[in-house]
Amino acid sequence: MILACLKWVTHPGEPHDERFAGISPADQSALEFALVQAAALGLGVTAVTVGPAGAEKVLRDALACGAQRAVRIHSAGTLSSAEVADALAAAAPAARWVWCGDYSLDRGTGSVPAYLAAALDAQQALGVISVAWQGDGVVATRRLDGGRRELLSVAAPAVISVEGATAHLRRAGLGALRAAASATIDVVHPAAPAHIDEAVVRAYRPRARALAAPLGEQPLDRLRALAATGAATATRVETVTLAPPAAAARIAAALREWGYLD
Amino acid sequence: MTARSVPTDRDVDVVVVGGGPAGSCAALVAARAGLSVVLLERGPFPGSKNMYGGVVYPRILDELIPEWWNDVPIQRWVTRRSTMLLTETQALTVDFRAGAWGAPPYNGATAYRPDFDNWLACHAQAAGAQLITSTTATGLLRDSAGTVIGVRTDRPDGDLTAHVVIACDGVNSFLAKEAGLYEHTDAKHFTLGVKETLALPKHVIDERFGVRGREGVDIEIIGATGGVNGGGFLYTNLDTIAIGVVLKLSKLGAQQQRPEQIIATLKQHPAIAPLVQDGELKEYSAHIIPEAGLTMMPKMTTDGMLVAGDAAALCLAAGIWLEGVNFAMASGMYAGQAAVEAVQANDTSAVGLAGYQRRLSDTFVLKDHRKLRRAPALVLSDRVQHLYPGMVANVVERMFRVDNPNPKPGVRRIFNQERKRAGVRRRDLLRDGWTGFRSFG
Ligand SMILES: Cc1cc2nc3c(=O)[nH]c(=O)nc-3n(C[C@H](O)[C@H](O)[C@H](O)COP(=O)(O)OP(=O)(O)OC[C@H]3O[C@@H](n4cnc5c(N)ncnc54)[C@H](O)[C@@H]3O)c2cc1C
């Protein structure tokens, strides 16, 4: 079974008005990949969302696009990523492939797919920017720093989260849309979560970085080291003229000295 | 809800195109009678694509939704109606207030279309109609005899067959044109409506417009449209105001003016500026209006199809009245009733659907249009637009001007002097007065 996880999000300006709620382009891409893969492998897609009854609209849209089954995991409050992942895993423990969006409309942390992979004991390929089909598996491309790419060969069971522009969700046919309007949506109630943390939605803050304590015998030395941001000491500028093997050895020594190499 | 019929030779009994006020009322009536009904709307939800000035008169809903006022999503109940005659520096206002309009059964209300249209469509859905959004009807399906048997949509596998198609797709209806119901269309039959929605705190609106709580104001304006024939309006919502102009398309083109400039000039008028000052622009929108009434109306019925609301040019635009939503709701309702009759009688030909035209003729929908058939042309005429406002304002100014030591002049003398100064011939004045009397009297 292939699972497409769709996060239903209300509009921040109109939180109580379901007309403005929906799923992110990344989730739409995830659903499209799930449908394409399902057709290739001869499997069915289950669309799943966690939310209140209003969230069923996105499930009906998914059914109209070709999903076979729709499951709403009932939740009226805000769950943490781990709780959402646990609920999803419990609803579809036999999922072979799980497709998620890399981000939701409310710009959460994007961590549900990783938690889900852990809960399902599955491989993970997160933040994927393109997908190629290879037999029963998938070759997923991820973005790395400096414009480089990472190719991951992924086999089931796996969780893949994709970026928004990776696929264009197909337009549902009229007949399918009409049928989906009265289709059955399975509603499951998750086991009571450990806690419902209403405070998990906060303004975005960059994560703290661990910095080594400043070195120095005296407080003044330590202050100087802090004020100089370590730049002067950590990256001394040194110009040397050496033969290539000696230059390579010198660079490796400097990197080791600065702690980049063991 | 009545048990739904299952048509054998068609996908549904009735397909209604357009989830505006006309479409939702048509769908509501047909679904309530037990027919299977699909309501198609091209926007993501009903009302999402719709704009208008801002006042609805939902009295006709008494027949469809008893005590509709208990849950209709309105902004303010209109308890004050003003008509303003503006020249560049003068303003003459007739102001009327009715406390009774602020209590059930109410008269008119300001409302946002995304709220109002969506609410009506929810009633249609509750009656059993199936609402399909984000779907555009792109054409008609016909059988070999030319009878309309459904619509084509922009979705894959998008044909939908029905015994009756009710076209409520708004002004410039492509479906009505495709069906050959319009003999000809002419740009001079349309006006362009443009509107700005300006945000102001509720208490500021209450103070400036002299209202409290949910009371609201409707101001219709003649003059101050920058030399382009048309009119203006100013309506109060809870914490926004809507100010706009309705402009004769042919004149707008000829004058090479931009509509937003005309609104900007209106907002600077000394009688308007204090009302809109510091309003933060939230929305600018524009839409055309079928302004010519009876002159431009299409045939309302053909085999398998009816046309209602703006699609049938059933908008009443007659100066002090700009009413389209109530005409749309009523015509939609009558179209729905005629469709039910025809499907039940198993005759959805133009003859079987003739009950629609009869209902329109017997009610305010066509009676008002007939009575006011000369009003749109009169109101948009050059004399009413460019000569009379200045003439009348000058008369009033001189009546109230204290010019001592001169004695007060007689009104008749002032009137004749100002008429001559404005270049208005007595003959034209009498003729326009007679037309006005026959229309509005
Ligand atoms: C500037 C302006 C101010 C106005 N002020 C007022 C006022 O204050 N009071 C008043 O009563 N009236 C006013 N009117 C007139 C009023 O807006 C219209 O008469 C009324 O909206 C007509 O309703 P309707 O349902 O016929 O059409 P519309 O309200 O135009 O609804 C048509 C619906 O059909 C949908 N549609 C169109 N084509 C298709 C298609 N092919 N497939 C699927 N769906 C389609 C549209 O998205 C829309 O939802 C004003 C109009 C304008 C432009």
Side-chain angles (χ1 to χ4, degrees), chain A residues 6 8-25 27-29 31-32 35-36 38-39 45 47 49 51-68 70 105 167-185, chain B residues 4 6-7 10-13 15 17 19 31 36-50 73 112-122 124-126 128-139 141 150-162 199 282-283:
Chain A
L6 311 171
W8 178 82
V9 177
T10 54
H11 190 283
E14 303 281 351
H16 304 296
D17 196 333
E18 287 167 5
R19 285 174 297 171
F20 302 104
I23 60 172
S24 68
D27 284 2
Q28 292 179 25
S29 296
L31 176 58
E32 180 60 27
L35 293 168
V36 171
V45 172
T49 193
E56 287 182 9
K57 164 90 173 62
V58 302
L59 294 177
R60 294 198 186 283
D61 289 346
L63 288 172
C65 285
Q68 270 187 346
L105 280 181
H168 187 71
L169 180 60
R170 66 196 61 188
R171 192 155 159 75
L174 187 62
L177 207 58
R178 293 193 58 217
S182 54
T184 309
I185 306 252
Chain B
R4 210 136 301 282
V6 184
R10 301 276 196 271
D11 295 324
V12 287
D13 288 318
V15 57
V17 179
S36 61
V37 180
V38 163
L39 174 59
L40 290 177
E41 168 54 44
R42 66 181 169 180
F45 59 84
S48 55
K49 285 197 166 273
N50 297 346
Y112 292 141
R113 292 292 298 277
D115 295 340
F116 185 80
D117 290 14
N118 196 57
W119 169 80
L120 259 186
C122 285
Q125 277 181 288
Q130 183 175 23
L131 171 67
I132 298 183
T133 55
S134 302
T135 305
T136 304
T138 53
L141 302 175
V151 291
R152 175 150 292 168
T153 71
D154 63 343
R155 287 201 173 265
D157 127 53
D159 289 359
L160 189 64
T161 58
K282 285 285 176 192
E283 184 188 79

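To find a chain, count down the sequence lines: A is the first, B the second, and so on, and within it residues start at 1.
A distance-only check finds no donor-acceptor pair linking the side chain of A:Arg19 to the backbone of B:Ser48 [under 3.5 Å]. Counting only distance, with no hydrogens or angles, the side chain of B:Arg155 and the backbone of A:Ala172 share a donor-acceptor pair below 3.5 Å.
Counting non-hydrogen atoms of other residues, nucleotides and ligands closer than 6.0 Å to CZ of B:Arg152 gives a total of 12 or fewer.
Per-residue heavy-atom pair counts under 4.5 Å with chain A were compared for B:Asp154, B:Leu40, B:Leu160, and the maximum is reached by B:Asp154. Considering only heavy-atom pairs separated by less than 4.5 Å from chain A, the leading option among B:Leu131, B:Asp115, B:Thr133 is B:Asp115.
For a residue to count as touching a neighbouring chain, one of its non-hydrogen atoms must lie under 4.5 Å from one of that chain's; by this rule A:Arg170 does not touch chain B. Using a 4.5 Å cut-off between heavy atoms, B:Pro44 does not touch chain A at all.
The heavy-atom pair separating A:Leu177 from B:Gln130 by the smallest distance is O-NE2, 4.3 Å.
Applying the side chain to side chain contact (heavy atoms under 4.5 Å, CB included) test between A:Leu174 and each of B:Asp159, B:Thr135, B:Asp11 identifies B:Thr135 as the sole match.
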